[in-house]
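In what follows, chains are A, B, ... by sequence order, proteins preceding strands, each numbered from 1. Side-chain atoms are counted along with the backbone in the values below, which use heavy atoms only and exclude waters and symmetry mates.
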2 protein chains.
Amino acid sequence: MVKMIEVAKLARVSPSTVSRVLSNSPYVSEETRQRVLEAVKLLEYKPNRLASNLRKMSSKTVVVVLPDITNPFFSKILQGLEDVARENGYHVLLGDTGNSLKLEKDFIDLVRERFVDGLILATARIRKEEILAISQEMPVVLACEYVEGYDIPTVSIDNISAARQATEHLINLGHQRIGFITGPLGVILSRDRLKGYRQALLLHEIPIEEALIQEGDFSVKSGYDIMMKFLAVNPPPTAVFASNDEMAVGAMKAIKHKGMRVPDDVAVIGFDDIPLCTLVEPELTTIAQPKYEIGIQAMEMLLKIIKGEMLVKRQIVLAHQLVVRESCGYNLYRQGGEVETNIHT
Amino acid sequence: MVKMIEVAKLARVSPSTVSRVLSNSPYVSEETRQRVLEAVKLLEYKPNRLASNLRKMSSKTVVVVLPDITNPFFSKILQGLEDVARENGYHVLLGDTGNSLKLEKDFIDLVRERFVDGLILATARIRKEEILAISQEMPVVLACEYVEGYDIPTVSIDNISAARQATEHLINLGHQRIGFITGPLGVILSRDRLKGYRQALLLHEIPIEEALIQEGDFSVKSGYDIMMKFLAVNPPPTAVFASNDEMAVGAMKAIKHKGMRVPDDVAVIGFDDIPLCTLVEPELTTIAQPKYEIGIQAMEMLLKIIKGEMLVKRQIVLAHQLVVRESCGYNLYRQGGEVETNIHT
DNA sequence: GATATCTCTGCAATCGATTTTAATAGACTT
DNA sequence: AAGTCTATTAAAATCGATTGCAGAGATATC
């Protein structure tokens, strides 16, 4: 493997000059610059990043910790994260934890070991206090996840309002018995969505029925199973709000298997707006999260922290949007005026 | 940031001894070992990976180059890749190219710069000869992608046979006019699938009609658009084979929009077996690729190459499987005896 | 003409862990 | 008691690029 000193010899300069040429530093005469570049080309020299990393004490790499890369919600966020990272000369190390606390900690440790310059947490099983401590000693941004009461850099949406809006959409369509499939209640955004659901019912003076609130795990299967339970309740709900789109689709499956129809017999609304929404029948009405944008902003924030810039805003809340499709039925009522009618992705 | 020499001082030993303790080398007395470990704990010492990487000339990291992380096919492969990497103490650097040749080359360069120890190519736009050259100078494994005629480490399925089998499934169900939606013909597996389709028709003496072969781009929309064209042909095909599941779902959409039914009016078969298949209605019959397994084997192969082990097999071809669901209709005919009947993911 | 300023380049230190080589103490042999 | 081993530890070289400092030469300023 050819190294800098060999290039230096060939170009009859010192390694420092080669380094300066390659890092586009000023104060190198045009003539020397050319000679060096020729030598670099001739020897097919590639600087050794491991050496460079050590000297600069930075790998220009960031680790992204998420629970499941095959989940379209997270992969879209990841895409936004990577795009911004790349534009700024950074790389993304994948940290798929599969919800393992141990792995999560291992990935976080990569920052302590200086192997990566920063950390994006799109999932966080570790304790609040630990996250706080970590955020104080190294560059960290929470994407989607967040911690109540602490001032940790975060990019997310307002899950409470969003869930309230989804629920109100159903209420405005005339529904009174609305089932709610929560996400895992261990994560805060699941609790927030539940809170939003409750708020909407309260606001419209609809009694809350605990039998119509069940905890799912974000999987299609859990949506299916819980919907089956709901349909066994007497009388069954006329509408269901699922905390993510996969569970909503599972619920739709259950409804159809029972010989009932969506939205005629039961209306269904989801959350996230993944591509799947427009591929099922009827197309799924849902709350759209700006997934890609969350990624963009989270990485921009992280890079600012890494560069030592002051953050104007440490907590960014992006706008969600109700996307009305077919699974709740049509009505004179229109939310926000805009109705998405895209057929394909 | 506390470094090794400070630990050494506190434990009253030399840095070399600290290093030996931390790397579990023998020839360290139990007493010293304990003293060092205590010092490590007390100072909360974490070895600097950048320094370690330089000295060992390895980052224990591998870059995975793929065209689109949000594509469920690739994200599943990636999961397999990462799982094996992690079990072996390696990390995965994400290389989402968005089909850009420039980015692809940039990621490949990371190996030349010694920033990563190896390379998995799940997409390859660069020229054959270049791939060959690269595979000779650094650890590389092709996953799914492959290069004809050269002996480059590869893990894939037999796309020709798989496509032939899919087509024969339709033929065995009585179809004679079978449309085919190809993938982008720039990638070899698309050409292979087309080849398999042609072989099946030839084998059963069905005339090949060029109007029933159209090039898609693996997107739902292209499947939809091409199916619309097929339905305008007179007479339209009674069955369609799409080179991936997304296009198949797009085709199904088109058929329904025309007021026709799947599989009654037109049978549809896809390729890949992504989770979406069981979520659409009717559920999509398809060819299942062992995505996760491809990832597993590709990474195992790469790590062997990195460790300098000889490969027994340099080209691994994994088994695909026809998964019969609902989109082609039922029939007395059963392929392979096994019929998948899972409802959810 | 002397001094200050600027441009360009080289030397040598540095980043922090790892590893080769050497050294020391004690045990064991003969 | 001298010589040989063995176990353990320290010292020093090393990985390869980067960068602070110094110095040489050229140009500008007074």
Practice task
Give me the first and last nucleotide of DNA chain C, going 5' to 3', that has any atom under 4.0 Å from a heavy atom of chain A.
Solution key: C:dT7 to C:dG16

Just by distance, no angles: are the side chains of [X] and [Y] close enough, under 3.5 Å, to form a donor-acceptor pair?
X	Y	answer
A:Gln79	B:Asp68	yes
B:Asn99	B:Thr97	no
B:Ser59	B:Asn53	no
A:Ser23	A:Ser25	no
B:Gln34	B:Glu38	no
B:Ser29	B:Thr32	yes

Handout entry: side-chain contact (heavy atoms from CB on, under 4.5 Å) partner of B:Leu121, chosen from B:Leu66, B:Ile134, B:Leu142
Key =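 When B:Leu66, B:Ile134, B:Leu142 are each tested with B:Leu121, the side-chain contact (heavy atoms from CB on, under 4.5 Å) holds only for B:Leu142.
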
Handout entry: Nearest-angstrom distance from the residue atom CZ of B:Phe115 to C1' of D:dA17
Key =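 These atoms are roughly 15 Å apart.
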
Handout entry: Nucleotide D:dA17, atom P - distance to CZ of B:Arg55 in whole Å
Key =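 From B:Arg55 CZ to D:dA17 P: 15 Å.
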
Handout entry: A:Arg86 bridged to A:Glu82 by N-O distance under 4.0 Å
Key =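 A:Glu82 and A:Arg86: salt-bridged.
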
Exercise for the section: Identify whether any heavy atom of B:Met4 sits under 4.0 Å from a base atom; if not, whether one sits that close to sugar-phosphate; answer base, sugar-phosphate or nothing. Expected result: base

Exercise for the section: Tell me what A:Ser16 touches on the nucleic acid: a base, only sugar-phosphate, or nothing, going by heavy atoms under 4.0 Å. Expected result: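 Base, at least one base heavy atom under 4.0 Å.
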
Problem - Degree of bending, the helix from C:dG1-D:dC30 to C:dT30-D:dA1 (end axes from five pairs; round to 10°) - result: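 For the helix from C:dG1-D:dC30 to C:dT30-D:dA1, the axes at opposite ends meet at about 50°.
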
Practice task
Decide if atom CD of B:Glu31 counts as having more than 12 heavy atoms of other residues, nucleotides or ligands within a radius under 6.0 Å.
Solution key: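 Counting neighbours around CD of B:Glu31, 12 or fewer heavy atoms of other residues, nucleotides or ligands fall under 6.0 Å, so no.
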
Exercise for the section: State whether the side chain of A:Arg49 and the backbone N or O of B:Val116 hold a donor-acceptor pair below 3.5 Å, judged by distance alone. Expected result: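 Not at all, since once roles are kept as given, no pair shorter than 3.5 Å links the two residues.
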
Under 3.5 Å, which N/O atoms of the protein pair with N/O atoms of nucleotides 5-9 of chain D?
| unit_1 | atom_1 | unit_2 | atom_2 | d |
| --- | --- | --- | --- | --- |
| D:dT9 | OP1 | B:Ser29 | OG | 3.1 |
| D:dT9 | OP1 | B:Thr32 | OG1 | 2.2 |
| D:dT9 | OP2 | B:Ser29 | N | 3.1 |
| D:dT9 | OP2 | B:Thr32 | OG1 | 3.2 |

